[in-house]
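Below is one structure, written out as structure tokens; the observations come after it.
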Amino acid sequence: MADELRVHVYPTDCDIVGHVNHATFLRMLERARWHALERKMSHREFLDSGLFAIVRHVEISYESEALPGDDLVIRTGLASIGNTSFNVQQEVRNTRNDIVCQAKIVYVAVGKDRRPIRVPDDWRAMFSPWTDK
């Protein structure tokens with residue numbers, strides 16, 4: 001089952017139009033991915049490995065607004081794994097259960113020389129599997 005992070009929307013999270021904007025959603029989604037990762041591996045352990053996951057592609061679809069005072073639930077899970085890449089899926093819902101945002105992120109595993117490597121075995125379990133609710 002995918003990992004979840006609850007986020008409260010404050011006025012400082014919003015743009016001049018009064019809703020959460022694209023850049024803030026990117027930050028929230030990244031925070032949710034780190035939240036999911038830290039359940040399996042600390043940031044220090046990740047850095048000490050000398051291996052990295054580089055974002056190759058991001059696809060985001062915005063379905064409805066998020067406004068000040070909203071509480072959001074961000075689900076994060078592993079959608080698929082290839083040889084050198086893996087796909088993480090995320091979904092943001094408000095407390096009314098409306099889908100606010102959906103994202104797909106493609107990562108490439110790279111070694112110390114910054115060249116693609118096979119996704120390490122322990123990374124294959126870093127994210128919980130994505131499941132549709």
Worksheet item: Would you say the side chain of Leu78 lies within less than 4.5 Å of the side chain of Pro129, judging by non-hydrogen atoms?
Response: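 Side-chain contact under 4.5 Å: no.
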
Worksheet item: Under a 4.5 Å cut-off applied to non-hydrogen side-chain atoms, are Val100 and Glu65 in contact?
Response: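 No; the side chains remain at least 4.5 Å from each other.
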
In Å, rounded to the nearest 0.5 Å, how long is the span from [atom1] of [X] to [atom2] of [Y]?
X	Y	atom1	atom2	value
Asp15	His22	CG	NE2	12.0 Å
Asp70	His19	CG	NE2	12.0 Å
Phe127	Asp3	CZ	CG	8.5 Å
His43	Leu37	NE2	CG	10.0 Å
Arg93	Glu4	CZ	CD	10.0 Å
His35	Met28	NE2	CE	14.5 Å

Quick one: does [X]'s side chain have a donor or acceptor within less than 3.5 Å of a partner on [Y]'s backbone?
X	Y	answer
Glu30	Arg27	no
Arg6	Leu72	no
Ser64	Ile99	yes
Asn94	Arg96	yes

Discussion item. Evaluate Ser61 against Glu63 for side-chain hydrogen bond (donor to acceptor under 3.5 Å, both in side chains), listing each step before the verdict.
Written reply: CA-CA 6 Å; Ser61 174; Glu63 308 297 330; 2.4 Å; yes

Worksheet item: Can Tyr107 and His57 be said to form a side-chain hydrogen bond (donor to acceptor under 3.5 Å, both in side chains), step by step?
Response: CA-CA 7 Å; Tyr107 286 97; His57 180 80; over 6 Å; no

Worksheet item: Between Asp122 and Lys40, is there a salt bridge with N-O shorter than 4.0 Å?
Response: no

Discussion item. For Arg56, is the CZ atom crowded, meaning more than 12 foreign heavy atoms sit under 6.0 Å from it?
Written reply: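 Open.
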
Let me check something: do [X] and [Y] share a hydrophobic cluster, defined by ILVMFWY side-chain heavy atoms less than 4.5 Å apart, either directly or through other members?
X	Y	answer
Leu5	Tyr10	no
Ile117	Val106	no
Val58	Val110	yes
Val119	Leu47	yes
Ile54	Leu26	yes

Discussion item. Run the side-chain contact (heavy atoms from CB on, under 4.5 Å) test on Ile74 and Cys101 for me, step by step, so that the C-alpha distance in whole Å, both residues' side-chain angles and the decisive distance to 0.1 Å come before the verdict.
Written reply: CA-CA 9 Å; Ile74 305 173; Cys101 170; over 6 Å; no

Item to complete: Compute both the distance and the angle, then confirm whether Arg114 meets the cation-pi test with Phe52: under 6.0 Å from the six-membered ring centre, within 45 degrees of the axis.
Response: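 Yes, Arg114 and Phe52 form such a contact.
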
Worksheet item: Does Arg75 make a cation-pi contact with Trp130, if we ask for NZ or CZ under 6.0 Å from the ring centre and within 45° of the axis?
Response: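 Arg75 over Trp130 ring: yes.
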
Of all heavy-atom pairs between [X] and [Y], which one has the smallest distance, and what is that distance?
X	Y	answer
Asp13	His8	OD2-O, 3.6 Å
Ala32	Gln90	CB-NE2, 3.7 Å
Ala66	Val9	CB-CG2, 4.5 Å
Thr84	Arg118	CG2-N, 4.2 Å

Discussion item. For Cys14, run the side-chain contact (heavy atoms from CB on, under 4.5 Å) check against Leu67, Thr24, Val20 and tell me which one passes.
Written reply: Val20

Discussion item. Using 30° and 60° as the class boundaries, would you call the ring planes of Tyr62 and Phe25 parallel, tilted or perpendicular?
Written reply: tilted

Discussion item. Classify the ring geometry of Trp123 against Phe86: parallel below 30°, tilted from 30° to 60°, perpendicular beyond 60°.
Written reply: perpendicular

Discussion item. side-chain contact (heavy atoms from CB on, under 4.5 Å), that's the test. Do Lys104 and Asn87 meet it? Break it down for me.
Written reply: CA-CA 7 Å; Lys104 295 177 184 179; Asn87 299 304; over 6 Å; no

Item to complete: Could you please spell out the steps behind the side-chain contact (heavy atoms from CB on, under 4.5 Å) verdict for Gln102 and Val92?
Response: CA-CA 6 Å; Gln102 296 180 74; Val92 180; over 6 Å; no

Worksheet item: Would Thr95 and Asp71 count as a side-chain hydrogen bond (donor to acceptor under 3.5 Å, both in side chains) if you check the C-alpha gap in whole Å, the side-chain angles of each, and the deciding distance to 0.1 Å?
Response: CA-CA 6 Å; Thr95 54; Asp71 287 312; 5.7 Å; no

